[in-house]
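One structure is given here, and the rest of the page talks about it.
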Number of protein chains: 2
Amino acid sequence: MFEKFQTMFSDSEENYLKTIFHLERSLKDGVSTNAIADQMQTKASSVTDMLKKLSEKQLVNYIKYQGVTLTEKGKKTAAAIIRKHRIWEVFLVEKLDFNWDEVHDVAEQLEHIDSEKLIDQLDKLLNYPKFDPHGDPIPNKDGNFPLRDKQLLSNLKVGDIGVCVGVKDTSSDFLKYLDKHGIALGKQIEILEKEEFDKSQKIKIDNQILHVSQQIASNLFLKTKH
Amino acid sequence: MFEKFQTMFSDSEENYLKTIFHLERSLKDGVSTNAIADQMQTKASSVTDMLKKLSEKQLVNYIKYQGVTLTEKGKKTAAAIIRKHRIWEVFLVEKLDFNWDEVHDVAEQLEHIDSEKLIDQLDKLLNYPKFDPHGDPIPNKDGNFPLRDKQLLSNLKVGDIGVCVGVKDTSSDFLKYLDKHGIALGKQIEILEKEEFDKSQKIKIDNQILHVSQQIASNLFLKTKH
DNA sequence: AAATAAATTTAGATAAGTCTAAAAATAAGA
DNA sequence: TCTTATTTTTAGACTTATCTAAATTTATTT
Ligand SMILES: [Mn+2]
Ligand SMILES: [Mn+2]
Ligand SMILES: [Mn+2]
Ligand SMILES: [Mn+2]
């Protein structure tokens, strides 16, 4: 009846849940201890300890030596943290003039602040954003993520036209590269040529010609017209 | 030369510093172990442990059995935390429609977020407020607090007129009492009568007559005309 | 299938922060 | 001043989160 959900987990527990959530999406099948350790820059033994704890709290399904999956409760909790992280990122960019390459570290801290009203009001102030500054979807309060069909620039063919809607690599270096060359979310891009040999492309953006390497093209999401 | 001040202290260390700072102001002389323990709802033995740690980090002057005082470094650090706390409170009230009785707990969490840019930008967004929603002064980046002459309503005499500028008691119950009776910062109050026996007063606010008890009068700060 | 390699877990330590109970120091009262 | 009360510190224990090194399990190769 009275689902007092925000039973409060430690920052560390929340970070593990978030990491497992992301790994589950990208690695399809169950998430391994080592995968988590790598991602979190910690040791496998630490991960094992935490998995036991999360398992006891019904947040993950854990079988020794077999890796983990999130339970429904675990997914909801992870989504709530991701929601907070991304809403804060929008706030930092929209209201505090942060650049999109400098919001992540602060959001990593802010995502653990425990106040439902705070997030609700932020969400309202920002006019209920559906995507964060990197184009990543912001789950709603039920933990559902908005969908948007998007494709990597590297997967488009000559003649295609699309609008930038997200980045795969969110590193500061990559984002600054995009800034430097005038590539930003919302901008239209047309694929003019593709070089088969090194997969580099010639594209048109703001009526300028720009050459981008495979590395760039495979980290930029576009939404194509049609 | 390059004072990288924000060397990062733990939330717990920051909370102790803040508490000692406030106690030093109110208790004048050195702050005792028990005073800190009472204030923080913890045990004296825990306080002793922390005082040793803070002392090693040059944040407090600590002599066994003699209590503590903050060092300059300790004062600066405490002021920085109080600055963050109060700026966040202003933000919550001004931008997120929080009532002044519901901001403190969230600010207790937010004050530990470590990002100079975040606070600078918030400060700017809020137009560099000097006082928080309870009328408490917000120190500047150097740790200096703005002064404002204010007096408790209980110390004024019949005929005096003043403007509400702060509260001494910031409990939710007290603040809600004020809300209920239309008393808010910025409102003008005139003392009409004082009852010697129980120190209650008859005051005029918004052209309404209101009777307030000694308890109320001794927790409301006014700035008198002249 | 046996041997080897890789992944995972366990055992035992460490650090931060807290607690209880006992000891020591200081303050107050007779 | 001597005795008692209060305050403060110390000693030892516990929790959370982490680590290293060793043991165990699972996967891969001959
Ligand atoms: Mn991020
Ligand atoms: Mn993001
Ligand atoms: Mn407060
Ligand atoms: Mn306040």
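Below, chain A is the first sequence line, B the second, and so on; all start at residue 1.
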>> Pair Phe145(A), Phe21(A) - check ring-ring contact (aromatic ring centres under 6.0 Å, His included), show working.
In response: CA-CA 13 Å; Phe145(A) 289 72; Phe21(A) 186 96; 5.6 Å; yes

> Parallel, tilted or perpendicular: which describes the rings of His104(A) and His85(A), with under 30° parallel and over 60° perpendicular?
Replying inline: tilted

> To the nearest angstrom, how far is Leu51(A) atom CG from dT18(D) atom C1'?
Replying inline: 14 Å

> Considering only dT18(C), dT9(D), dC19(C), which nucleotide approaches the side chain of Met50(B) most closely?
Replying inline: dT18(C)

> Closer to the 5' end of DNA chain D via nearest nucleotide, is it Gln66(A) or Ala35(B)?
Replying inline: Ala35(B)

> Closer than 4.0 Å, any side-chain N/O of Tyr62(A) to the OP1 or OP2 of dT9(C)?
Replying inline: yes

> Looking only at side-chain N and O atoms, does Lys64(B) come under 4.0 Å of OP1 or OP2 in dT10(D)?
Replying inline: yes

>> Taking the minimum atom-to-atom distance to the side chain of Thr48(B), which one of dT18(C), dT9(C), dT9(D) wins?
In response: dT9(D)

>> If you compare every side-chain N and O of Tyr16(A) against the phosphate oxygens of dT16(D) (OP1, OP2), does one of them come in below 4.0 Å?
In response: no

>> Taking only side-chain N and O atoms of Ser12(B), does any of them lie within less than 4.0 angstrom of OP1 or OP2 on dA16(C)?
In response: no

>> Rounding to an integer number of Å, can you tell me how far Asp49(A) CG sits from dA13(C) P?
In response: 15 Å

> Parallel under 30°, tilted from 30 to 60°, perpendicular over 60°: which one fits the rings of Trp88(A) and Phe91(A)?
Replying inline: perpendicular

> For the pair made of NZ in Lys52(A) and C1' in dT9(C), what is the distance, rounded to whole Å?
Replying inline: 7 Å

> What is the distance from CD of Glu13(B) to C1' of dA16(C), rounded to the nearest Å?
Replying inline: 9 Å

> Taking atom P of dA23(C) as reference, at what distance in whole Å does atom OH of Tyr65(B) sit?
Replying inline: 13 Å

> Below 4.0 angstrom from OP1 or OP2 of dT8(C), is there any side-chain N or O of Lys43(A)?
Replying inline: no

>> Between Ser45(B) and dC19(C), is there a contact of a side-chain N or O with OP1 or OP2 at under 4.0 Å?
In response: no

> Do you know which two heavy atoms are closest between Leu51(A) and Val60(A), and how far apart they sit?
Replying inline: O-CG2, 3.9 Å

>> Nearest to the side chain of Asn34(A), heavy atoms from C-beta on, is which of dT20(D), dT8(C), dT18(C)?
In response: dT8(C)

>> Which is more 5' along DNA chain C, the nucleotide nearest Ser10(B) or the one nearest Ser32(A)? Just name the residue.
In response: Ser32(A)

> Between Glu56(B) (CD) and dA16(C) (C1'), how many Å, whole number?
Replying inline: 13 Å

> So which nucleotide from dT26(C), dT10(D), dC19(C) ends up closest to the side chain of Ser46(B)?
Replying inline: dC19(C)

> Roughly how many Å is it from CD1 in Ile63(A) to C1' in dT9(C), rounded to a whole number?
Replying inline: 15 Å

>> Rounded to whole Å, how long is the line connecting atom NZ of Lys57(A) with atom P of dT15(D)?
In response: 14 Å

> Quick one: CG on Asn144(A) to NZ on Lys76(A), what's the gap to the nearest 0.5 Å?
Replying inline: 8.0 Å

